[in-house]
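Chain letters run A, B, ... following the sequence lines, proteins first, then strands; residues in each count from 1.
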Amino acid sequence: MKDRKTVICILGPTATGKTSLALALSEHMPVEVISVDSAMVYAGLDVGTAKPSPDELSRVPHHLVGMLAPTEVYSAADFRKDARRLIEEVLSRGKTPLLVGGTMLYFNALFFGLDQLPGASVEVRSQIQAKANENGWLSLHEELAAVDPLSARRIHPNDKQRVQRALEVFLLTGVRLSEMQEKALAGGQYLSCLFSEFDLRIFSLELADRRELYRRIDLRFKSMLEQGLVEETVQLRQNYHLCASMPSMRAIGYRQVCAYLEGEYDYDAMICRAQAASRQLAKRQITWLRGWRKRNCLPIQSLESGAEGLCEFIQDDLGLN
RNA sequence: GGCGGGGUGGCAGAGUGGUUAUGCAGCGGAUUGCAAAUCCGUGGACGCCGGUUCGAUUCCGACCUCCGCCU
């Protein structure tokens, strides 16, 4: 029990200062940061993802930041594989892995594992998409109901992403998604979670006052614009062959700036929509957090007070002081 | 001052003499290879006063207010 290595996680909704807390903590103990962020993985998406500056990145080793082109696709499974590998690597260097980010599905996949399922297939997905364009997603849900009634019952007919995935799994393997998941559960695969392997310390940055969080979110988006978010997006669109359906361009901020550049709405509307999207993201993140009882809420009165106090709290909790 | 038009939930915007359009935002929830995604659920209103009526958000009148035009 005593020999389980410590792994620190810092998570929380967007705009709560996770990144600066991680940087501050790195001043106090030997850590390497493993980013848990589905948007920061992309190179060139800097301002809009509030990526640490090059200087900050060079001060502490960071992983899974900016290592993909914006045209590429990354997934929870990719993340889980990469993160597990990196945790071992960091530990082997005698340092503490510090997982920081707000992509809660990635944390979930890492904490609790994933079933043995086939990966995504671009071909199969475009096949399904083509069918959907012709007959609508509802007919695809009916198709799913015919081959995998259990999944069809679980997945809402309007939830095209999950309908597509369930269909994809069946088309790829000939085995029902629901069946694969049941088998995995029975086989105990899903139980191989990270908690038994490591001394996981989960610290969650949560504000008691939602208004305060939203105020920060609104301000932060404006400051991203001042830092050149529109220019960055224009640049990205020049440098890569991007389209709106790519994960990188679905990221908050970029998505709305693209629509603005396409003339879908004006500048002010773009701001409002991006801010609203961020608030909704924060709400979904909070929903994930509420489900994780093992989290340790950091006592934040005001985030402006700086990260030092929180570092002390974390170190106390780790028994380092 | 005169004429015309309008005042509907946080915002936008339909509509009806009796049964709370809708969209956005907000709130709650789902979440296993796109997750900063994709979905599901949900409270809340008819400017003010009086009249007609069994019943007015809806009809009538006054008032307040906003917008446009005219003087």
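- Residue-to-nucleotide proximity on RNA chain B shows that, of A/Gly119 and A/His156, the 5′-proximal contact is made by A/Gly119.
- Between A/Tyr260 and A/Tyr265, a ring centre-to-centre spacing not shorter than 6.0 Å is recorded.
- For A/Thr287 and B/G29, the shortest distance from a side-chain N or O to OP1 or OP2 is below 4.0 Å.
- For B/U32, neither phosphate oxygen OP1 nor OP2 lies less than 4.0 angstrom from any side-chain nitrogen or oxygen of A/Arg165.
- A sub-4.0 Å separation between OP1 or OP2 of B/G23 and a side-chain N or O of A/Arg273 is absent.
- For A/Arg162 against B/A35, a side-chain N or O and a base N or O form a donor-acceptor pair under 3.5 Å.
- With ring centers used as reference points, A/Tyr42 lies 6.0 Å or more from A/Tyr74.
- Taking side-chain N and O atoms only, A/Lys160 has a distance below 4.0 Å to OP1 or OP2 of B/C39.
- A/Phe79 comes within 4.0 angstrom of nothing in the nucleic acid, heavy atoms only.
- Side-chain nitrogen and oxygen atoms of A/Thr103 include at least one within less than 4.0 Å of the OP1 or OP2 phosphate oxygen of B/A36.
- The base of B/C34 lies close enough to the side chain of A/Gln164 for a donor and an acceptor atom to sit less than 3.5 Å apart.
- In terms of phosphate contacts, A/Arg279 brings a side-chain nitrogen or oxygen within less than 4.0 Å of OP1 or OP2 of B/G26.
- For A/Asp159 against B/A30, a side-chain-to-base donor-acceptor contact under 3.5 Å is absent.
- Remark: A/Glu134 CD is loosely packed, at most 12 non-hydrogen atoms of other residues, nucleotides or ligands lying under 6.0 Å away.
- Of the side-chain N and O atoms in A/Tyr106, one or more sit less than 4.0 angstrom from OP1 or OP2 of B/A35.
- The side chain of A/Gln280 contributes no N or O atom lying less than 4.0 Å from OP1 or OP2 of B/A36.
- Regarding contacts with the backbone of B/U38, a side-chain N or O of A/Arg255 is found under 4.0 angstrom from either OP1 or OP2.
- Considering only side-chain N and O atoms, A/Tyr214 lies under 4.0 angstrom from the phosphate OP1 or OP2 of B/C27.
- When the side-chain nitrogen and oxygen atoms of A/Arg211 are compared with OP1 and OP2 of B/G26, none of them lie within a distance under 4.0 Å.
- A distance below 6.0 Å separates the ring centres of A/Phe111 and A/Trp292.
- An OP1 or OP2 oxygen of B/U32 is reached within less than 4.0 angstrom by no side-chain nitrogen or oxygen of A/Asn108.
- Between the side chain of A/Lys283 and the base of B/G26, no donor-acceptor pair of N or O atoms lies under 3.5 Å.
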